[in-house]
Amino acid sequence: MHELGVVFHIADSLAKIAEENHVARISRVTLQLGEVSTVVPEYLTDVWNWNCKRTPLLTGCVLEIERIPAVTHCGACGQDYPTVPQGKRCPRCGSEDTWLIQGNEFIIKEIAVPDG
Amino acid sequence: MDRYRIIEVKQSVFADNDAEAASLRAELRAQGTCLINLMSSPGSGKTTTLLRLLPLLQRTLRVGVMEADIDSDVDADTVSRTGAKVIQLHTGGMCHLDAAMTREGLRQLGAQGLDLVILENVGNLVCPAEFDTGAHLDLMILSVPEGHDKPLKYPLIFQRCSAMIVNKTDVLPYFDFDLDKVTQFARQRNPGIQIFPISAKTGEGVEALAAWICAQIDKEKEKKETRL
């Protein structure tokens with residue numbers, strides 16, 4: 001259900017972007033989705049396809065999702081490590097003074113529109 | 001084959017909502033209304049906590065409540081008996097409120113002239129934490145039966161909230177809920193988080209919570225005055 005709200009947000013943003021660029025149809029949208037963002041790509045694609053059928057601007061629009069791996073930085077020892085297998089605690093020094101440096105992105109990267 | 005042209009966007013999906021939330025927050029501050037976004041999972045006692053809290057807040061403040069649910073108006077009906085101005089918002093299947101829906105709710109409520117509006121968000125620990133509603137203060141309730149491990153499982157909401165209300169302390173003897181552990185787990189995620197153990201059923205701890213909320217509202221008002 002979270003994906004439903006998210007798709008409406010994306011569709012609203014795309015409507016604005018289309019208007020600014022004088023575009024009547026969008027053929028493809030590329031999203032960048034972090035590994036630890038709370039969105040499930042499969043659900044997002046399902047809701048996306050449903051919404052495209054009811055939105056003239058997005059009829060037949062393909063959703064392309066680029067995953068961004070989650071990386072955590074340790075403030076104590078300076079090491080970066082993969083977030084998903086290791087979690088909050090640094091695998092090298094055991095510190096919990098760590099923070100996510102990438103992996104929660106949810107970005108509309110670009111759109112493709114029919115030329116001419 | 002069709003030819004395409006690429007338009008670079010590079011915009012966060014949440015960018016529009018974040019901008020809307022920031023402008024709503026500023027407008028509310030200018031009119032002297034503090035907005036609290038109260039979040040929790042279903043059944044944690046949001047409405048019962050409000051029933052305890054409202055009479056204490058109403059001693060000094062004009063308070064309004066917005067009840068957000070997917071459907072029904074049982075909560076708004078219950079809360080309206082406190083004398084607070086209440087409206088029910090239906091999200092129509094959505095799992096959270098965003099800033100635009102919050103703005104519309106405030107308009108329907110008639111928030112002008114109120115010192116405080118409490119938004120009771122949809123019961124859910126995941127989605128509401130993603131969407132800034134424009135609130136000045138985000139609070140959450142975790143109830144004893146849910147378990148002390150929730151800050152580990154749902155980190156975002158604990159990071160986002162200024163305070164965690166631990167409700168249903170009256171049933172602590174019957175559950176393996178460790179108050180020290182929940183404090184430790186929540187502070188791992190958010191070192192500054194305030195923690196208020198309460199029982200909305202007996203009223204224990206609610207006075208301290210009300211006093212803290214009033215102090216936060218005073219701080220908000222000071223922010224407004226320094227800006228003018």
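Values reported hereafter were calculated over all heavy atoms of this structure, with side chains retained and with hydrogens, waters and symmetry mates removed. Just so it is clear: chains get the letters A, B, ... in the order the sequence lines come, proteins before strands, and each one is counted from 1.
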Tell me which one of A/Thr30, A/Leu31, A/Ile111, A/Val29 satisfies side-chain contact (heavy atoms from CB on, under 4.5 Å) with B/Val9.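 By the side-chain contact (heavy atoms from CB on, under 4.5 Å) criterion, B/Val9 pairs with just one of A/Thr30, A/Leu31, A/Ile111, A/Val29: A/Ile111.
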
Separation of [Y] [atom2] from [X] [atom1] (nearest 0.5 Å):
X	Y	atom1	atom2	result
B/Phe14	A/Ser37	CZ	OG	7.5 Å
A/Glu110	B/Lys10	CD	NZ	9.0 Å
B/Gln188	A/Thr98	CD	OG1	9.0 Å

B/Val13 portion near chain A, given a 4.5 angstrom heavy-atom threshold: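 B/Val13 touches chain A through backbone and side-chain heavy atoms alike.
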
If I measure from the heavy atoms of chain A, does B/Asn124 come under 4.5 Å with its side chain, its backbone, both, or neither?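 B/Asn124 has no heavy atom closer than 4.5 Å to chain A.
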
For a 4.5 angstrom cut-off between non-hydrogen side-chain atoms, does B/Arg3 reach A/Pro114?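 Counting from C-beta outward, B/Arg3 and A/Pro114 never come under 4.5 Å.
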
Any chance [atom1] of [X] has more than 12 other-residue heavy atoms, nucleotides or ligands included, within less than 6.0 Å?
X	atom1	result
B/Lys181	NZ	no
A/Glu19	CD	no
A/Arg89	CZ	no

Nearest non-hydrogen partners of [X] and [Y], listed with the distance:
X	Y	value
A/Lys88	B/Arg189	CD-NH1, 3.5 Å
A/Gly5	B/His96	CA-CE1, 4.0 Å
A/Asn21	B/Arg5	O-NH2, 4.5 Å

Using side-chain contact (heavy atoms from CB on, under 4.5 Å), reason through A/Arg28 and B/Ile6 one step at a time and then give a plain yes or no. CA-CA 9 Å; A/Arg28 190 186 76 227; B/Ile6 304 291; 3.4 Å; yes

Only pairs of heavy atoms separated by less than 4.5 Å count here; which of A/Val23, A/Ile26, A/Val113 has the most with chain B?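 Option with the greatest count: A/Val113.
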
Can B/Asn17 and A/His9 be counted as having a side-chain donor-acceptor contact under 3.5 angstrom?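 Their side chains do not contain a donor-acceptor pair, so the 3.5 Å distance test is not met.
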
Check the pair A/Val6 / B/Phe131 against side-chain contact (heavy atoms from CB on, under 4.5 Å), numbers first and verdict last. CA-CA 10 Å; A/Val6 161; B/Phe131 286 88; 4.1 Å; yes

Taking every heavy-atom pair that is under 4.5 Å apart, which of B/Thr91, B/Val126, B/Leu152, B/Asp16 has the most such pairs with chain A?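 Looking at each option in turn, the highest pair count goes to B/Asp16.
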
Using non-hydrogen atoms and a 4.5 Å limit, figure out which bit of A/Ile17 sits close to chain B: side chain, backbone, both or neither.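 Just its side chain gets close to chain B.
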
